[in-house]
Amino acid sequence: MLELQNVSYTVEDEGRPVEILKDVSFKVDDRKFVVITGPNGGGKSTIARLISGVAVPTGGRIIFDGQDITKLSITERAKLGVGYALQQPVRFKGIDVKDLLRIAAGHKLTTDEACSYLSRVGLCARDYINREVNASLSGGELKRIEIATLLARKPKLSVFDEPEAGIDLWSFQNLIRVFEIMRSEIEDGSILIISHQERILDIADEIIVVADGHIERQGPKDDILPHLVGTTSAISGCTRLVERS
Amino acid sequence: MDDIQKRILSEVADLHDVPEGAYNIRVDGGSAGRRSTENIEIIPKPEGSGLDIRIKPGTRRESVHIPVILSKTGMKEVVYNDFYIGEDSDVVIVAGCGIHNGGSQDSQHDGIHRFFVGRGAKMRYVEKHYGEGDGTGKRILNPVTELHLEADSTAELEMVQIRGVDSTERVTTAELAEGARLVVQERLMTHGTQSAVSVYKVDMNGENSTSDVVSRSVARDDSYQKFDALINGNAPCRGHSECDAIIMDRARVLAVPQLDANNIDAALIHEAAIGKIAGDQLIKLMTLGLTEAEAEEQIINGFLK
């Protein structure tokens, strides 16, 4: 279980303090699928960065499975079971898909294992396993590989920062399916996704709306989603594309 | 050969024993073994100053190994090797030099290699440089590679220097006739106070000749690297050079790319990028459980793979 207790995050801009997050508290219980939404610039990605350890809160505590992880490094949190898929997947010259999946899994992978992770995100292992994770891959391919690394890592908590960002609509329609399957197969772990997509929000157990650096509302999906439909916090997919897929 | 010499041999030529095919193993200025084959003749030049290697036209899928080992401190030599590669042959040449310097005097090997690649022939040339030993004497390698590519011939060069060479100045020149193709892949890592200078001068003189010179390098500690590549397009041709360097610590990398187009149909491209390891690359690998040092190692190993 993940718990943020009164977390705040302030940075300095030209000598003046700027509050990015203030007094953010929420829980992600085991076996739950939680979605954070809200307007752009509201502090959602900062929450993902604070959970993964890329940034450290200036106030409050982060508790993971009963342990205070507020001051732990990225590596230490990863080893405890925090997984993080970046909004902008990283490119590497010379590191291929197989290398990345092996690093994620923490042990040597058979082609069969690698294939099972890649096929779950809709990629054929034969075409991708020896491809370099470099600029020759499209945004959609990189997103899928990013998600596959989390599947290979099997973290207790998976944090996805806007999986829809930077990819075309067609690719995302297919990607939503990946999250729907992930939702249905959730076992011990929990999933936290930052997303504006109505179809993602629709499969959430709970929704947290973050705006202007604080939590505007949170609760079960059925209570929150009706308030969001039609706003930028719940973007519906193209109806024609949805029908076709 | 003793154990040190054998270990160096495996580093520079991936050899644990006498190789298949033609070979000459040079240890501390003398020959430690030589074999010619029916198609590949290795003829020593007078007074041990080098070799003439003659490959018969039409020789296919054969290899020549000519590793050089220096294991005595203070050893300095200049060696001239000339390769005559017959028309329509397809061969692999594995060179490479390893220096073990356990003493206080500098050890230096300057290998001057000239290649005459016949019409339609294909040559792959692999050269690894390696140094070791805890003496204070420097390990110095200054190779010169001179390529003459006849019509429709191909030369693919793989040049690797990952460890232990204190100072190197590598000069590679090439002239390409019509339809000739040159591919160079250089991989380089320097550390400590090492210095590595790579100079390329490629003359594309023939119509439809192509060249692709790619250097990937990592400069650590206080080391210095210079990549100086001049591609001359003197005919309708295509040329590409690329310098991609990771800089770390207090190292310095200087890239001096030059393109000289002397023909309206010469298409020349250069790409150069020098920078430290991107922070998001480290972060991504750390979120997969690696420490910062392990992440750095993975990124460098991949980059130089």
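Numbered from 1 within each chain, the chains take letters A, B, ... in sequence-line order. Computation of the quantities below employed the complete heavy-atom set of this structure, encompassing side-chain atoms and omitting hydrogens, waters and symmetry-equivalent molecules. What you are looking at is a predicted structure, and each value in this text was computed from that prediction instead of being measured.
A salt bridge is defined here as a Lys NZ or Arg NE, NH1 or NH2 lying under 4.0 Å from an Asp or Glu carboxylate O, and A:Glu3 with A:Arg61 fails to meet this definition. A salt bridge links B:Glu158 with B:Arg187: the distance from a Lys NZ or Arg NE/NH1/NH2 to an Asp or Glu carboxylate oxygen falls below 4.0 Å.
Within the 4.5 angstrom heavy-atom criterion, only side-chain atoms of A:Leu86, from C-beta onward, approach chain B. In this structure, chain B has no heavy atom under 4.5 Å from any part of A:Arg77. Looking at A:Leu80, neither its backbone nor its side chain comes within 4.5 Å of chain B, counting heavy atoms on both sides.
Aromatic ring orientation, B:Tyr125 versus B:Phe115: perpendicular (interplanar angle above 60°, classes split at 30° and 60°).
Within the cation-pi definition used here (under 6.0 Å to the ring centroid, within 45° of the axis), B:Arg216 qualifies as a partner of B:Phe303.
For the atom pair A:Leu2 CG and A:Lys156 NZ, the distance stands at 12.0 Å (nearest 0.5 Å).
For residues 238-258 of chain B, heavy-atom neighbours of chain A at less than 4.5 Å comprise B:Asp244, sorted by residue number.
Under the rule for a side chain to side chain contact (heavy atoms under 4.5 Å, CB included), the partners of B:Thr154 that lie at least two apart in sequence or sit in another chain are B:Lys122, B:Glu156, B:Arg181.
In this structure, A:Phe179 has its ring center under 6.0 Å from that of A:Phe160.
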